[in-house]
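In what follows, a structure is listed as C-alpha cells, so that the remarks can point back to it.
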Amino acid sequence: MKMLKVENIQKSFGKTEVLKNISFSLEKGEVLAIIGSSGSGKTTLLRCLNFLETPQRGRITVNSEVLFDSSDSSKKKDLDVRKKRLHFGLVFQNFNLFPQYKVYDNITLAPLLMAREQIRENGSYYGAASLREAQQLIREEADNLLKKVGLFEKRDSYPGDLSGGQQQRVAIARALALNPDILCFDEPTSALDPELTGEVLNVIRGLKSSDSTMIVVTHEIGFAHDVADKIIFMDRGLIEEEGTPQQVIDNPQSARTREFLARFNQFGD
Ligand SMILES: Nc1ncnc2c1ncn2[C@@H]1O[C@H](COP(=O)(O)OP(=O)(O)O)[C@@H](O)[C@H]1O
Ligand SMILES: [Mg+2]
C-alpha cells in the first residue's frame with residue numbers, strides 16, 4: 001500500500017506557476033530524494049505537503065486518508081490544518097530552532113502542547129492518561145531522540161551555543177518527537193560548512209535503517225545516490241525524470257537531467 005500519494009499538484013504565486021502538475025507516490029520506509037536547480041519548485045512542494053502553502057489544484061493522501069483535495073471543498077473542513085500537519089515533519093535549511101529555549105525544551109515543547117490537547121479531547125496521549133504520565137513519556141522519548149542524534153550531553157545547552165551541524169541534528173530530533181509518518185528535509189546541509197555536513201547526513205542515513213519514510217531535497221548527489229530508493233529530478237515546476245538512483249543519476253534519459261548533473265560533476269558539491 002502506498003503511504004503517500006501526491007496527485008496533480010498545481011501551485012501558483014500570482015501569475016507565476018511554480019508547480020505545474022506534480023504526481024508521485026511513496027511506500028512506507030522508502031526514501032525519496034528530490035534534486036533540481038534553484039527555483040525549480042522543490043521548497044514549494046515540501047511546503048505544500050506540510051500545509052504551509054495551499055495548492056490551487058491536486059490531492060494529497062496519506063495512509064488512504066485524503067488530507068487535501070482541491071475538488072472537494074468539504075475535505076478541507078474535515079481535518080484542521082494542525083492535525084493534517086502532524087502526518088509530516090519538516091527540517092528546514094536554516095534549522096529554525098527556538099533560540100530562547102534549551103535543546104531539551106526545543107524538542108519537548110510541541111509534544112507537551114499536543115499531549116495537553118489530546119488528553120483534554122480524548123483522555124489519552126500514546127496511552128498516557130494524565131498530563132504527568134505524558135510528561136514522563138515525552139521526557140524519555142526526548143532523551144532517546146537526543147541519544148539517536150548523538151547530542152544527549154547537550155540537552156541543557158541553548159541553540160546559540162551549538163555548531164550548525166549540532167543545531168540541525170536537534171532540529172531532526174525535534175521533528176521526530178511528533179512521530180510524523182513522513183519526514184521531509186529541505187536542503188538540510190546547505191547552510192553548513194562542508195566539514196559539518198557529514199554528521200547531519202549520517203543521522204539521516206541512520207534514520208533510513210530504522211525504517212523512516214523520508215523526502216530529502218538535496219544538492220548532495222552522492223548522498224542521494226547512496227541513500228534514496230527513488231530520485232525525482234525537478235525542473236521548472238515539473239518532474240522531468242524519476243526513477244532509481246541508478247536510472248536517474250547513473251543513466252539519465254533527459255537532456256535536462258544530464259545538463260544538471262554535468263554542472264555538479266564539473267564544480268563538485
Ligand atoms: N511566497 C512566494 N511568493 C512568490 N513567489 C514565490 C514564493 N515562494 C516561491 N516563489 C517562487 O517560486 C519559484 C520556486 O521557488 P522554490 O520552491 O523556493 O524553488 P527551489 O526550492 O527549487 O529553489 C521561484 O521562482 C520563487 O521565486
Ligand atoms: Mg529551496
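One-based numbering, in listed order, for ligands and for the atoms of each. Note that the coordinates shown come from a computational prediction; the quantities given were computed from them, not determined experimentally.
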Quick note on ligand 1: atoms under 4.0 Å from a heavy atom of S37 include exactly 22 (O)
Numbered atoms and elements of ligand 1 in range of S38, under 4.0 angstrom, heavy atoms: 23 (O)
For [atom], closest protein heavy-atom neighbour:
| atom | value |
| --- | --- |
| atom 19 (O) of ligand 1 | G41 N, 3.2 Å |
| atom 11 (C) of ligand 1 | V18 CG2, 4.0 Å |
| atom 17 (O) of ligand 1 | T44 OG1, 2.5 Å |
| atom 22 (O) of ligand 1 | K42 NZ, 2.8 Å |
| atom 6 (C) of ligand 1 | F13 CD1, 3.3 Å |

Is atom 26 (C) of ligand 1 touching the protein, meaning some protein heavy atom lies under 4.0 Å away? no
Side-chain heavy atoms of [X] within contact of [Y], under 4.5 Å:
| X | Y | value |
| --- | --- | --- |
| I204 | V200 | yes |
| F260 | E241 | no |
| L162 | V103 | yes |

Flag yes if more than 12 heavy atoms outside K208 fall under 6.0 Å of its NZ atom; otherwise flag no. yes
Considering residues, nucleotides and ligands other than K28, do more than 12 of their heavy atoms fall under 6.0 Å from its NZ? no
Quick one: does G36 get within less than 4.0 Å of ligand 1, heavy atoms only? no
In this structure, which one of V217, V216, T218 forms a side-chain contact (heavy atoms from CB on, under 4.5 Å) with F185? V216
Classify the ring geometry of F51 against F88: parallel below 30°, tilted from 30° to 60°, perpendicular beyond 60°. perpendicular
Check: of L19, T43, T16, I34, min heavy-atom distance to atom 18 (O) of ligand 1 comes from T43
Per atom 14 (C) of ligand 1, closest listed option by heavy atom (C48, G39, G14): G39
